[in-house]
2 protein chains.
Amino acid sequence: MSIYQRIFTDVETKIISGDWRPGDRIPVEHELAAEYRCSRMTVSKALSALAERGMIVRRRKTGSFVASPQIDRTVMDIQDISTEAELAGHEHRFEILARKVERLGEAEAQQLSEPADAEVLRLQCLHIVDGRPNAIERRIIMLDAVPRARDESFASIPPGKWLLDEVPWSKAKHIIRAVSADTTTARILQTERGEACLSLIRQTWQNGRTVTYVEFTHPGDRFQFAGTFHPMAN
Amino acid sequence: MSIYQRIFTDVETKIISGDWRPGDRIPVEHELAAEYRCSRMTVSKALSALAERGMIVRRRKTGSFVASPQIDRTVMDIQDISTEAELAGHEHRFEILARKVERLGEAEAQQLSEPADAEVLRLQCLHIVDGRPNAIERRIIMLDAVPRARDESFASIPPGKWLLDEVPWSKAKHIIRAVSADTTTARILQTERGEACLSLIRQTWQNGRTVTYVEFTHPGDRFQFAGTFHPMAN
DNA sequence: TATATCTATTTGTATAGTCAAAAGCGGAGC
DNA sequence: GCTCCGCTTTTGACTATACAAATAGATATA
């Protein structure tokens with residue numbers, strides 16, 4: 001493994017593991033060069049690559065800092081709903097419909113590849129944009145990965161946003177599907193039973209452990225994902 | 001603009017414009033270094049960045065080549081269906097349901113931001129995976145951007161694949177929605193009227209001109225988009 | 001013929017430096 | 001107080017060079 005790659009992955013690991021948090025200053029180039037016994041060019045290459053990936057921000061004279069989690073880097077990088085809603089200039093609020101601490105069932109445990117007796121916080125939450133139901137959020141938070149969730153009521157901060165603060169960087173897997181609204185879903189979303197809904201499932205890991213598993217169900221007539229792509233990205 | 005950036009964008013432009021096509025060999029580093037009157041390091045940096053973006057492939061001794069259009073770089077980078085199907089080991093075939101040359105209507109022209117009288121090839125196509133209908137493809141190909149489409153029957157090659165050969169690199173905008181199947185759609189997809197369907201709309205440009213606009217409608221119970229993300233990507 | 005070896009080419013990584021641009025900081029002068 | 005000037009730190013871009021690794025193609029050998 002090259003020095004450049006070692007620096008890259010070391011810094012990346014520190015950020016993803018939460019060791020270095022958004023806003024933290026990371027050592028300046030000559031310090032890392034001394035630490036890794038290499039030239040400044042090599043460090044510079046690693047940090048520039050991290051900057052290009054959006055993990056750090058670099059500023060002359062002041063240094064390099066861990067970036068805030070990326071918003072909207074790709075379409076799939078769908079952020080917490082309230083952030084999205086605010087960005088677009090809409091009024092967003094949410095209601096906690098259910099909140100309980102329990103242990104994972106056998107079927108779910110298998111689905112998440114987590115032990116069956118793992119303690120989790122199960123949340124159900126309704127998001128309302130401009131006065132209309134916009135999404136049901138069904139979420140599982142692994143309490144051994146995020147113990148502080150046990151004492152959080154989520155009365156004033158949506159779970160997605162709260163988790164973004166707690167666990168800013170992570171690895172995620174997404175699935176997008178179209179599903180028909182069942183009776184309960186239709187009632188909550190104030191739509192028809194059988195209405196086409198867009199379902200986004202996201203499982204998030206940190207250090208190989210599941211942090212959270214969430215399914216957003218959006219009424220098909222009120223929501224879509226969109227994005228522009230370009231080979232060059234950015 | 002730095003030399004590094006100039007090389008990067010110059011090469012990128014040549015690829016996206018179709019000047020250099022997939023498989024083409026691009027000048028070796030010392031040639032570009034001579035052309036741009038810079039050191040090989042600078043060229044190397046630019047080409048490495050392009051390689052990281054997946055636009056070129058670099059091999060020692062043999063040189064650097066324009067890559068094949070990226071498959072599966074992000075979830076949104078959903079490729080031509082037959083390619084996807086083959087990759088997953090499924091049997092794929094397709095039928096052309098309709099094919100006609102006409103001029104864009106007022107409403108559509110506005111939607112595509114193209115002149116209302118533009119000549120287009122309108123296609124409707126059914127994709128069948130493992131014997132079951134998997135998607136309806138409704139496509140518009142701009143004939144002034146891709147004149148050769150006029151003489152192509154698409155009997156043996158699906159339009160998406162054909163376009164990928166014609167116009168390998170492009171800029172694209174995607175929209176994902178959930179929609180209910182209307183009567184026609186349901187009949188073609190052999191599903192129920194009202195069934196939740198996943199709709200993927202993609203508009204593709206090259207050199208600022210629309211190349212194609214396509215909507216894929218998948219039965220919700222037979223299709224999903226999935227992908228893993230990671231701050232580092234790759 | 002088949003296989004092993006050599007050679008030339010091209011990319012990959014790294015060094016040790018230079019100069020420049022950005023920007024925070026402190027002090028001089030008003 | 002405020003503004004301007006210069007100093008310093010840090011990143012950014014670049015050079016010229018070196019050597020290593022991969023490998024296609026030619027050559028030599030069994």
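Protein chains get the first letters and strands the later ones, always in sequence-line order, with residue 1 at the start of each. Computed over heavy atoms, backbone and side chain alike; hydrogens, waters and symmetry mates excluded.
Taking the nucleotide of DNA chain C with the nearest heavy atom to each of T42(A) and S64(B), the more 5' of the two is matched to S64(B). Residue G63(B) is the one, among G63(B) and R40(A), whose nearest nucleotide of DNA chain C lies closer to the 5' end (criterion: closest heavy atom).
For I3(B) and dG12(D), the CD1 to P distance is 17 Å, given to the nearest whole Å. Taking atom CD of E31(A) as the reference point, atom P of dT10(D) lies 7 Å away to the nearest angstrom. Rounded to an integer number of Å, the gap from E29(B) CD to dA8(C) C1' is 16 Å. dA13(D) atom P lies 10 Å from atom CD of E52(A), rounded to whole Å. Counting to the nearest Å, the P atom of dA16(D) and the CE atom of M41(A) are 14 Å from each other. In this structure, L50(B) atom CG and dG12(C) atom C1' are separated by 16 Å, rounded to whole Å. The separation between I7(A) atom CD1 and dT15(C) atom C1' is 13 Å, rounded to whole Å. Rounded to a whole Å, the CZ atom of R37(A) is 22 Å from the P atom of dT13(C).
Checked by atom type and distance alone, the side chain of R148(A) never pairs as donor or acceptor with a backbone atom of E166(A) at under 3.5 Å. For D130(A) (side chain) and E91(A) (main-chain N/O), a donor-acceptor pair under 3.5 Å exists by modelled atom type. Between the side chain of R21(A) and the backbone N or O of D165(A), at least one donor-acceptor pair lies under 3.5 Å. Judged by distance alone, with hydrogens and angles left aside, the side-chain atoms of T210(B) form no donor-acceptor pair with the main-chain N or O of W205(B) at under 3.5 Å.
E12(A) and R53(A) are not joined by a salt bridge, as no carboxylate oxygen comes within less than 4.0 angstrom of a charged side-chain nitrogen.
At the phosphate of dT10(C), OP1 or OP2 sits under 4.0 Å from a side-chain N or O atom of R25(B). Within the structure, every side-chain polar atom (N or O) of R60(B) is placed at least 4.0 Å from both OP1 and OP2 of dA24(D). Dashed line: the shortest gap from a side-chain N or O of R58(A) to OP1 or OP2 of dG12(D) is under 4.0 Å. A sub-4.0 Å separation between OP1 or OP2 of dT17(D) and a side-chain N or O of S39(B) is absent. Between T62(B) and the phosphate of dT11(C), there is no side-chain N or O to OP1/OP2 separation shorter than 4.0 Å. Between K61(A) and the phosphate of dT8(D), there is no side-chain N or O to OP1/OP2 separation shorter than 4.0 Å.
Residue-level contact check: R59(B) touches the backbone only, with heavy atoms under 4.0 Å from sugar-phosphate atoms and none from bases. Note on R6(A): nothing from the nucleic acid sits closer than 4.0 angstrom, heavy atoms only. Nucleic acid contact class of S44(A) (heavy atoms, under 4.0 Å, all strands): none. Nucleic acid contact for L47(A): none, since no nucleic acid atom lies under 4.0 Å from a heavy atom of the residue.
The aromatic rings of W162(B) and F154(B) stand perpendicular to each other, their planes meeting at an angle above 60°, with 30° marking the opposite boundary.
When distances are taken from the side chain of S48(A) to each of dG12(D), dT10(C), dT13(C), the shortest belongs to dG12(D).
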